[in-house]
Amino acid sequence: MTQEELFKKLIAHSKEYGFVFPSSEIYDGLSAVYDYGQNGVELKNNIKRYWWESMTRLHENIVGIDAAIFMHPTTWVASGHVGAFNDPLIDNKDSKKRYRADVLIEDWIQKQEDKINKEVEKARKRFGDSFNEELYRQTNPRVTEITAKKDEVNHRMVEALQQNNLPEIKKIIEDCEIACPISGTRNWTEVRQFNLMFETKLGSVSDEANTIYLRPETAQGIFVNYLNVQKTGRMKIPFGIAQIGKAFRNEIVARQFIFRMREFEQMEMQFFVRPGEEMKWYEYWKEKRMSWHRTMGFGDDKYRFHKHEKLAHYANAASDIEFEFPFGFKEVEGIHSRTDFDLSNHQKHSGKKLQYFDPETGESYVPYVIETSIGLDRTFLLVLSAAYHEEKITKEDGSTDERVVLKIPPALAPVKLAIFPLLKKDGLPEMARKIMDDLKFDFACQYEEKDTIGKRYRRHDAIGTPFCITIDHQTLEDETVTIRYRDTMEQERVPASRLREIMTEKVSITNLLKQI
RNA sequence: GCGGGAGUAGCUCAGUCGGUAGAGCAUCAGCCUUCCAAGCUGAGGGUCGCGGGUUCGAGUCUCGUCUCCCGCUCCA
């Protein structure tokens, strides 16, 4: 089976067993929007808990918040999103490739600079020690010509971007005779604007309303509350603020199931540190986060770091944790050194002092920030794709059989234990109900009495239930039950009175947290 | 946006030459069996994505349209 087929089966399985449904399906769906079903929401909540507790419980100096999705519009001016997330796009009609129009122009400008540098180097060789680079740059006719043209284009581009003048951007591309690197042609479409932030109106009367944005990242909710948390929590640097919440990006192309959605959920932690110590903490969090992933037990070779060479406007170092999905190694989490970019800009735009007085050094400063930002939906997909197994089984009579099993770590599984009476008579259902009533306060349990026992086992394999408890005639005599293990399909007989203790040991998130 | 693929029952799919809708699984009710899916009987479930055209007659031919999935620049 190819990876693509496997991925398709995984998507079908997700729907079939109540993990993920296409949004608004009865109306033909909505592109790249998905809903989490009855099992999906449990798995998702368990992942959230694993993350949340690994942050807030295991670190005394990390606390959580839950900021609103709506934020003051100036937030996004300060964060750089208003400027940086307005991408003018253009398509080449021959190669069918899509480009960011400003990037095309920037590449052209870079080319001109390369040309100039080449000229300078040539001249340096020619003139030897007597070479005056500055003078040459100012006087050489060829260099000054290219420089002038380059500066003019740059000026036009900046102005056009500021005024959102798309036809002008198209004209620049035409004037510079920029060709598509793939097709080599200059057969371009019009330039179109893709605003990555969703707009909405605040206020019930539309003409009085202000345009606000749905947040494109949760981080800013942390930054604008930095001072509130620091003061009210009497936090001392270094300290962190964690948050789980929805974010929205009007992606140009949103694809690959729940991997890239327009509405998605992030789990972010911003860690505030003393300037100059950011690299130490950057390395610390890279290791911590990788360890969190590996503890789930899907295999260390499924993960790798990817270092960003090209950095975002706010970062001075950035690495991704990538996981090997059925469609290749893809980013699940980013660990970014964000410098003091965000807090400084909020300080500037708000006029509020966002500084920290460090009693150890006796100085005030704007803290530096290390960000860990993980996609919850991506982690969900990670768990599902790593857990999905199709197994061939040889039965006692020699015939072969197949089963689909989700080997989800027990602590994250939507249903922890399924409770079955072996027969639907002889008082077994009553006994099973009694055991379930006792355990349901501590574990997500499901009771099933329909169909043969084998069918019930398989149904729970398919949703990843790690343990099935079966009540048989012997239970009536000595109060023992069998535990059937999902991964090995083996059974073990234990006293019913010990179930709580055994299950607590096997399914608690605490034990996962201890291994990080 | 462009290119490719696909829309028939909850799921997987069949449907011949254009003749009026089928199977398996699943669901529900009952019977039988009882520790690893597929025993028996019965029931429910369909505007064949949508709209027009050709035809006595369209799931099938034709035109249009919509939606979903995959690939391409961005990111968590």
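Here the structure is a predicted model, which means the values were calculated and not measured. Chain letters run A, B, ... following the sequence lines, proteins first and then strands; every chain starts at 1. All values below come from the heavy atoms of this structure, side chains included, with hydrogens, waters and symmetry mates left out.
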_Below the 4.0 Å mark, does B/C75 have OP1 or OP2 next to a side-chain nitrogen or oxygen of A/Gln266?_
no
Rounded to the nearest 0.5 angstrom, the OG1-OH distance for A/Thr482 and A/Tyr485 is 10.0 Å
Distance col, row A/Leu43:CG vs A/Leu384:CG, nearest 0.5 angstrom, shows 6.0 Å
In whole angstroms, the gap separating P of B/U33 from CG of A/Leu423 amounts to 10 Å
The residue among A/Phe19, A/Phe259, A/Phe257 that forms ring-ring contact (aromatic ring centres under 6.0 Å, His included) with A/Tyr34 is A/Phe257
- Query: Should A/Lys455 be listed as having a side-chain N or O under 4.0 Å from OP1 or OP2 of B/A26?
  - Reply: yes
request  = Rounded to whole angstrom, note down the C1' distance from B/U12 over to B/U27.
outcome  = 16 Å
Contacts of A/Glu268 and A/Met489 projected onto RNA chain B by closest heavy atom; the upstream (5') one is A/Met489
Rounded distance in Å between the C1' positions of B/U8 and B/A23: 13 Å
Legend entry - Whole-Å C1' distance, B/A21 and B/C13: 14 Å
Next on the checklist: Using a heavy-atom cut-off of 4.0 Å across all strands, would you classify A/Lys450 as base, sugar-phosphate, or nothing?
Outcome noted: sugar-phosphate
Regarding the side chain of A/Arg249, the nearest nucleotide among B/C36, B/U27, B/A76 is B/A76
Q. Above 12 or not: heavy atoms from other molecules or residues under 6.0 Å from CD of A/Gln474?
A. yes
Distance-only, no hydrogens or angles: does the A/Tyr17 side chain make a donor-acceptor pair with backbone N or O of A/Gly464 under 3.5 Å? no
note: A/Asp451, atom CG; B/A37, atom P; distance rounded to Å ~ 12 Å
Taking atom P in both B/C25 and B/A6, what distance in whole Å separates the two? 28 Å
When rounded to whole Å, the NZ to P distance for the pair A/Lys8 and B/C11 reads 16 Å
For A/Ala78 and A/His346 the tightest heavy-atom approach is CB-ND1, 3.6 Å
- If we require ring centres under 5.5 Å and near-parallel planes under 30°, does A/Phe264 stack on B/A76? yes
Between the base of B/C75 and the side chain of A/Glu331, is one N or O donor paired with an acceptor at under 3.5 angstrom? no
To the nearest angstrom, the NE2-P distance between A/His81 and B/A76 comes to 8 Å
Whole-Å distance, A/Phe198 CZ to B/C74 P, equals 19 Å
Base, sugar-phosphate alone, or nothing: which one does A/Phe259 contact when heavy atoms must sit under 4.0 Å apart? base
Among B/C74, B/C11, B/C36, the one nearest any side-chain atom of A/Gln491 is B/C36
- request: Indicate whether OP1 or OP2 belonging to B/C69 is found under 4.0 Å from a side-chain N or O atom of A/Tyr34.
  value: yes
C1' spacing across the pair B/C48 / B/G7, given as an integer number of angstrom: 10 Å
Mutual orientation of the aromatic rings belonging to A/Phe272 and A/Tyr226 [parallel < 30°, tilted 30-60°, perpendicular > 60°] = tilted
Discussion item. Just to be sure I understand the rule, does A/Ser373 reach a base, reach only the sugar-phosphate, or reach nothing, if contact means heavy atoms closer than 4.0 Å?
Written reply: sugar-phosphate
Separation of B/U73 atom C1' from A/Gln256 atom CD, nearest Å, is 14 Å
Check A/Arg338 with A/Glu268, please: is the shortest side-chain N to carboxylate O separation under 4.0 Å? no
If you measure from the P atom in B/G51 to the same atom in B/G24, how many Å do you get, rounded? 31 Å
Closest to the side chain of A/Thr452, out of B/A76, B/C35, B/U33, is B/U33
Read 5' to 3' with Watson-Crick or G-U pairs under 3.5 Å, [ ] for crossing pairs and | for partners on another strand, RNA chain B gives (((((((..((((.....[..)))).(((((.......))))).....(((((..]....))))))))))))....
query: Would you call the rings of A/Tyr284 and A/His59 parallel, tilted or perpendicular if under 30° counts as parallel and over 60° as perpendicular?
result: perpendicular
Requested in this report: Look at all strands and tell whether A/Asp461 reaches a base, only sugar-phosphate, or nothing, counting heavy atoms closer than 4.0 Å.
Outcome: nothing
- Taking atom P in both B/U60 and B/U47, compute the distance separating them and give it to the nearest angstrom. 16 Å
Result for 5'-nearest mapping on RNA chain B, choosing between A/Ala12 and A/Glu217, is A/Ala12
Taken to the nearest whole Å, CZ/A/Phe380 to C1'/B/A76 is 16 Å
So A/Thr482, base contact, sugar-phosphate only, or nothing? Heavy-atom distance under 4.0 Å. base
**Q.** Presence of salt bridge, A/Glu283 and A/Lys286, under 4.0 angstrom
**A.** yes
Determine the interatomic distance between C1' on B/G15 and the same-named atom on B/U54; round to the nearest Å. 22 Å
Donor/acceptor link under 3.5 angstrom from A/Arg378 side chain onto base of B/C75
yes
When rounded to whole Å, the CZ to P distance for the pair A/Arg456 and B/U27 reads 13 Å
Margin query: With a cut-off of less than 4.0 Å, is there a side-chain N or O of A/Lys15 near OP1 or OP2 of B/C11?
Written below: yes
